[in-house]
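Just below is one structure, and these are the notes that go with it.
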Amino acid sequence: MLSMVVWGQETFDQRLAMIEKTLDEKAKGTVPGLLEVAQFSVVDAPIQDLIRGLAEAHQLNVSISPKLQMVITNNFTNVVIKDLLLFLCREYHINVEFVNNIISFSRFEDPPVEAEPPKRKMPVITYDVANGLLSVDLVNDSLSLFVRELSRISGKNVLMGPQVEERLMNGYVSKVPFLAGIDKIAFANGLLLEADSLEQFFMLRELVNEEPEDNAHKKSSRRNSRMKQRSTDENLVIEKVGYRKLNIEAINVPISDIIKEAAYESGTDYIFFSKPEGNTFIKIKNISFEDLLEFLLQGTDHTFIKQDNVHIIGSRIEEGFRKTKLLKFQYRTAWEIEKSIPEALLKNIQVLPFEELNALILSGSAKRVDEIEKFLKEIDQPVPNIMIDVMVIDVRKSHTIETGLSAFLGDTVVKTQGKIYPSVDATLGSNSINSVLSKLETASSVNLGRVKPNFYVKLKALEQNGNIKIKSTPKLSTLNGHEAVLTIGESVYYQEKTQNVTGGVNPIITTTPRFNKVDANLTIKIKPMVSGDENVTLDIEAEFSDFLPPEIQDAPPGNATRKFVSQIRVQNEEMVLLGGLEETQKEKSGSGLPILSRIPVLKWFFSSRKKSNSDNKLLVLIKPQIVY
């Protein structure tokens, strides 16, 4: 006999309990291999290969569904086969069935779950009776419930037409007039709102775009007949659709005629203070009267205002359409922000700065004043300050060695004089030299003779070191986009003499002194510009001047100038090297008697030498910081 276990529509937990019971029964009966112990490890192995391996090792008969495509990674130690199979069923949603001693593995299919019937929820509606403001939040809400709840809350009679009872509504409006709110909701859901003349009953019905040819022809005939009675212009067709919404088609029709016909069709009151000039072409659907006025009067000298539900149309500069407003600023200065207003907005507008209040007085067309006010409020934002640290480092190092012995013949007797400590720079006269020669003669019995009285010698042995470091750290602050200038320096005056000769029998010569000025300055000009990511672009011009000793006596001092012009982009509070100058000078010179000046030791008595090294560095570093 065949014994077969078939699972019904059990749940997953019920199925596992049945599998565990069946495995226990088979292990004690006809499939003893289920009680054997296994020990193995698998890594990314298909589950089909794992089951086949178990079947071969423990003499099990298995059948595996090709839909089992799972990959398993596990380590098993001393695990009973039936427990292992139960583990696989639980982890990988596997169904096990027995046909006698054959174990069949397949994917378990969960029983279908019957969907619960949707619960009908009440639409969210609030109505402010005092102000007549409606708020609606609809998400797949029943139209029939919406109409019933809206009538109950608002106290108004709202009905629905045939064949729309099962319609689901979606939409959201907040604190809008009752009629406008219902009209928007209806339009968003493909419905048409109709109201009686007293606005006591409202009907929501399906919006039909296509009409039978006969009805459309009759309707067009009635409309054309009515239009011919009210207007001689056959190029204008206006049709009312929905609540105070219009379809309009006009071909080169005066703007004033379009306004009059649209007001009549929509039931809107209006007054012309003056009629707008010009014709226009229109083809537009489902537009309100106010939106139509916005489009028609845009770019003209006319505008409109609404008072007590009456639309008043007239020139922008006429009384009632003008507006004067005092606009104060929080962050910008009024006399500078005035220059930022586009010329297109300043037509027929007078702008006067009021410095005491940091404000502008705007006067002119009410709509244009409102446009300028909106624009100026958008650009009235805090402007960052930029604090800029500039570091100027000037390092000068020098080393000079002068040695030598020089002999001269002069016109007069030279006295011995000079400096002998800590450096030697002395002149030895003939008396001192002859004294030395006489002592050498006595000590060595060598007669070197005597020098003439006008003979003298200069002896020099000098070493000089210089190390100068100048560090300047000026600071500048400025508004974003504005240039900051810093100048620090000194002036030196020199005298220039001018001789004037006055003619005559006895000419008179006069000397007039005049003092001229020479400047040496440290000048820095920086213009910062902050970007959106708070990087700073800097336009920099730096100039450094120093005085130099005059080359000619009584001449004005020289001037050494170093200049940087650069544009860089740095991060906020980041210090960068703007530029630098490194100058190295090496000088080696000497003079002496031929041949003797090159002999070691003797060269010190028959030559003079000079060796000098100098190293100058100028570095300029800069660091901007944004401050709000």
Side-chain angles (χ1 to χ4, degrees), residues 128 130-133 135 173-177 180-181 184 244 255-256 258-259 262-263 266 268-278 280 287-385 479-482 530 532 628:
D128 184 356
N131 299 309
L133 299 179
S135 297
V173 294
S174 177
K175 297 181 180 179
V176 296
K184 294 294 183 183
R244 294 188 176 180
I255 295 175
S256 57
I258 297 175
I259 294 174
S266 61
T268 304
D269 298 330
Y270 72 97
I271 297 175
F272 274 129
F273 278 6
S274 61
K275 291 185 178 181
E277 302 294 333
T280 189
I287 188 172
S288 66
F289 182 75
E290 289 188 10
D291 291 341
L292 176 65
L293 289 182
E294 291 282 356
F295 286 124
L296 289 177
L297 302 180
Q298 189 174 7
T300 70
D301 293 333
H302 283 65
T303 186
F304 75 94
I305 58 175
K306 185 177 180 181
Q307 294 182 357
D308 298 330
N309 292 326
V310 178
H311 296 77
I312 304 173
I313 305 166
S315 175
R316 297 177 185 269
I317 59 175
E318 289 180 347
E319 182 179 357
F321 298 94
R322 294 194 307 267
K323 186 176 183 179
T324 301
K325 186 174 184 64
L326 178 68
L327 183 60
K328 296 182 179 180
F329 300 99
Q330 284 186 298
Y331 307 106
R332 307 293 297 275
T333 54
W335 48 93
E336 290 184 355
I337 203 171
E338 177 187 2
K339 304 174 184 177
S340 303
I341 304 175
E343 293 184 4
L345 296 180
L346 293 175
K347 185 179 180 181
N348 297 327
I349 295 293
Q350 186 178 12
V351 181
L352 299 174
F354 197 155
E355 297 185 6
E356 288 80 359
L357 295 179
N358 189 33
L360 289 179
I361 300 174
L362 306 177
S363 180
S365 166
K367 285 189 174 293
R368 195 62 56 81
V369 168
D370 293 338
E371 290 180 18
I372 296 177
E373 179 183 4
K374 181 180 179 181
F375 169 75
L376 292 179
K377 285 184 177 180
E378 288 180 357
I379 66 174
D380 183 24
Q381 299 182 13
V383 179
N385 287 311
L479 279 176
N480 182 34
H482 293 260
V530 179
Y628 288 95

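Keep in mind that this is a model prediction, so the values were computed, not measured. Atoms considered below: every heavy atom in the structure, side chains included; atoms not considered: hydrogens, waters and symmetry mates. Counting from 1, the numbers follow the sequence of the chain as shown.
With a 4.5 Å cut-off on side-chain heavy atoms, Phe304 and Leu297 count as touching. Proximity of Val176 to Leu133: side-chain heavy atoms (C-beta onward) are nowhere separated by under 4.5 Å. Ser340 places a side-chain heavy atom less than 4.5 Å from the side chain of Ile379. Taking 4.5 Å as the limit, every side-chain heavy atom of Asp380 sits out of range of all side-chain heavy atoms of Leu327. Residues Glu338 and Leu360 have side chains in contact (heavy-atom distance under 4.5 Å, counting atoms from C-beta outward). With a 4.5 Å cut-off on side-chain heavy atoms, Val351 and Ile349 count as touching.
More than 12 heavy atoms of other residues, nucleotides or ligands shown are found within 6.0 angstrom of CZ on Phe375.
Counting all heavy atoms, side chain and backbone alike, Thr324 lies closest to Ser363 at OG1-OG, 3.2 Å. Between Ala334 and Ala359, the shortest heavy-atom contact is CB-O, 3.3 Å.
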### Task
Begin with the C-alpha distance, continue with both residues' side-chain angles, and end with the deciding distance and a verdict on side-chain contact (heavy atoms from CB on, under 4.5 Å) for Asn385 and Asn480.
CA-CA 6 Å; Asn385 287 311; Asn480 182 34; over 6 Å; no
#### Entry: side-chain contact (heavy atoms from CB on, under 4.5 Å) evaluation trace for Asn358 with Lys328
CA-CA 6 Å; Asn358 189 33; Lys328 296 182 179 180; over 6 Å; no
### Query
For Val383 and Tyr331, what are the C-alpha separation, side-chain angles and deciding distance, and is it a side-chain contact (heavy atoms from CB on, under 4.5 Å)?
CA-CA 7 Å; Val383 179; Tyr331 307 106; 5.8 Å; no
### Query
How far apart are the C-alpha atoms of Leu292 and Ile259, what are their side-chain angles, what is the distance that settles it, and do they pass the side-chain contact (heavy atoms from CB on, under 4.5 Å) test?
CA-CA 8 Å; Leu292 176 65; Ile259 294 174; 5.8 Å; no
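Going from atom OG1 of Thr300 over to atom CD1 of Ile255 covers 6.5 Å, rounded to the nearest 0.5 Å. The distance from atom NZ of Lys377 to atom CD1 of Ile372, rounded to the nearest 0.5 Å, is 13.5 Å. In this structure, the separation between CG on Leu362 and CG on Leu345 is 10.5 Å, given to the nearest 0.5 Å. Interatomic distance, NE2 of His302 versus CG of Leu293, reported as 12.0 Å (0.5 Å rounding). Once rounded to the nearest 0.5 Å, the distance linking CD of Glu371 with CG of Leu376 reads 11.5 Å.
Separation of the Phe272 and Tyr270 ring centroids falls under the 6.0 Å cut-off.
Shown here are the salt bridge (Lys or Arg N to Asp or Glu O under 4.0 Å) partners of Lys325, two or more places apart in sequence or in another chain: Glu373. By the salt bridge (Lys or Arg N to Asp or Glu O under 4.0 Å) test, Lys175 is found to be paired with no residue, residues two or more places apart in sequence or in another chain being considered.
By the 30° and 60° cut-offs, the orientation of the rings of Phe289 relative to His311 is perpendicular.
A donor-acceptor distance shorter than 3.5 angstrom exists from the side chain of Asp128 to the backbone of Ala130, with no hydrogens or angles considered.
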